[in-house]
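Just so you know, these numbers use all the heavy atoms, side chains as well, and skip hydrogens, waters and symmetry mates. Quick note on labels: first sequence line is chain A, next is B, and so on, each numbered from 1.
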Amino acid sequence: MPFRELLVTIARIALGALLVVTGSLKIGHANELAAAIAGFRLLHPDIIEPLALILPFGEVLLGAYLMLGLFTRVAAFVATGAFVLYGAAIASAVLRHIPANCGCFGPNDQAVADWPHVAFDLVLAVIALAIALGAPGILALDRRLNRS
Amino acid sequence: MNRRVLGIISVVAIALLVVVGVIYVKLHPSAQLQNASVAPADGSIEIGSRAPQFTIPTTQGPFDLNAETKPVFLEIFATWCPHCQRETVILNALYATYGTRVAFIAIPGSETGMDGTSAESPFDVLNFVMAFKVKYPIGEYDPNLTIAKLWLKGGYPTIAVIGENKIVSYINSGEIPQKELAAQLDRALK
């Protein structure tokens, strides 16, 4: 088994699990998530309301696709975009000196948006990009589907 | 099941998720969600600036910033805000430790009541005090939110420390850990 394949698989499952966990922690806490998003002062309230309901399920779904290795390349590219967007939103809050709460890990996460969070999101974006480029790795449904 | 079918199912599921989310918000408007989706007012107070004078009746007598000789611990909170509700435990603990050396004042700063839907009223503030066993002084609810609008910074609760010289030495928002707030009060007392 090539070492690169093994690395992609580990990264894919770990990143998928992270998204499933962060998404699950936000489900049922739309008010807190909406407040966290509003704190960034980037989106209109009319967009924030449905986003606060949809985003947690979107994260869980994306994480599940990565863990299963289903449409891995597309899912990993979407994850890359999501992490870049999260990082950009946090960076904009830091640059504008807005003490926004990250809200990354659900309602109990009161970490304030700062540069380490930007760096963390960018590292996750790089990992997601690496997964997309090396997809799907082993133990992926994509392999089975490609064979059939 | 082949790749094509799974792809179609995935696209349909994602589209459904978005459509259902948008329709749900339109059909079941929630005042709590609407309130939470609006960014709170961003006041003009900065660290290092002079605190503007204010007076306000509180649950423990009138408060006058100019007449205050001790450092001031100021909180702007919302009775409906879960972060503010949880922060009462920390503020009670700080009040027990610093209450004789620091003037504490918490001011209601939202137009929305404790249930998250109705308009804020003095009864909501009283309910908040009783429900969370608040020990520190709570300011009277001002429907114009005059003081709160000046101080709110990023969200509820906003907490500020004002030195004896009336200069703002600290301002932050969210569920701030007790250790951080205690360190700021120790600094103000030096």
> Below 4.5 Å from any heavy atom of chain B, which atoms of D46(A) appear? Answer side chain, backbone, both or neither.
neither

> Would Y136(B) and L126(B) show up in the same hydrophobic cluster when neighbours are defined by side-chain heavy atoms closer than 4.5 Å?
no

> Using the rule that two of Ile, Leu, Val, Met, Phe, Trp, Tyr join whenever any of their side-chain heavy atoms come within less than 4.5 Å, decide whether L19(A) and L55(A) are in one cluster.
yes

> In terms of heavy-atom pairs under 4.5 Å with chain A, which of V20(B), I171(B), V38(B) leads?
V38(B)

> In this structure, which one of L61(A), I54(A), L62(A) forms a side-chain contact (heavy atoms from CB on, under 4.5 Å) with I14(B)?
L61(A)

> Heavy-atom pairs under 4.5 Å with chain B are the metric here; pick the option from N31(A), L53(A), I48(A) that has the most.
N31(A)

> Taking only heavy atoms into account, what residues of residues 76-88 of chain A are found under 4.5 Å from chain B?
none

> Flag the one option from G7(B), S10(B), P177(B) with the top tally of heavy-atom pairs under 4.5 Å to chain A.
S10(B)

> Out of curiosity, does V118(A) fall in the hydrophobic cluster containing L42(A) (side-chain heavy atoms, cut-off under 4.5 Å, transitive links)?
yes

> At their closest point, which heavy atom of L33(B) faces which heavy atom of E49(A), and how far apart are they?
CD2-O, 3.8 Å

> Is it the backbone or the side chain of L70(A) that comes under 4.5 Å from a heavy atom of chain B, or both, or neither?
side chain

> I'd like to know whether OH of Y24(B) has more than 12 heavy-atom contacts from other residues, nucleotides or ligands below 6.0 angstrom.
no

> Is it true that atom CD of E111(B) has more than 12 heavy atoms of other residues, nucleotides or ligands lying nearer than 6.0 Å?
no

> If hydrophobic clusters are built by linking Ile, Leu, Val, Met, Phe, Trp and Tyr wherever their side-chain heavy atoms come under 4.5 Å apart, do I131(A) and V60(A) end up in the same one?
no

> With a 4.5 angstrom heavy-atom cut-off, could you sort out which part of Y65(A) is near chain B: side chain, backbone, both or neither?
side chain

> Using the rule that two of Ile, Leu, Val, Met, Phe, Trp, Tyr join whenever any of their side-chain heavy atoms come within less than 4.5 Å, decide whether I147(B) and I47(B) are in one cluster.
yes

> Hey, is OH on Y95(B) packed in by over 12 heavy atoms from elsewhere, all under 6.0 Å?
yes

> Only one of V22(B), I23(B), V18(B), V19(B) clears side-chain contact (heavy atoms from CB on, under 4.5 Å) with P50(A); which?
V22(B)

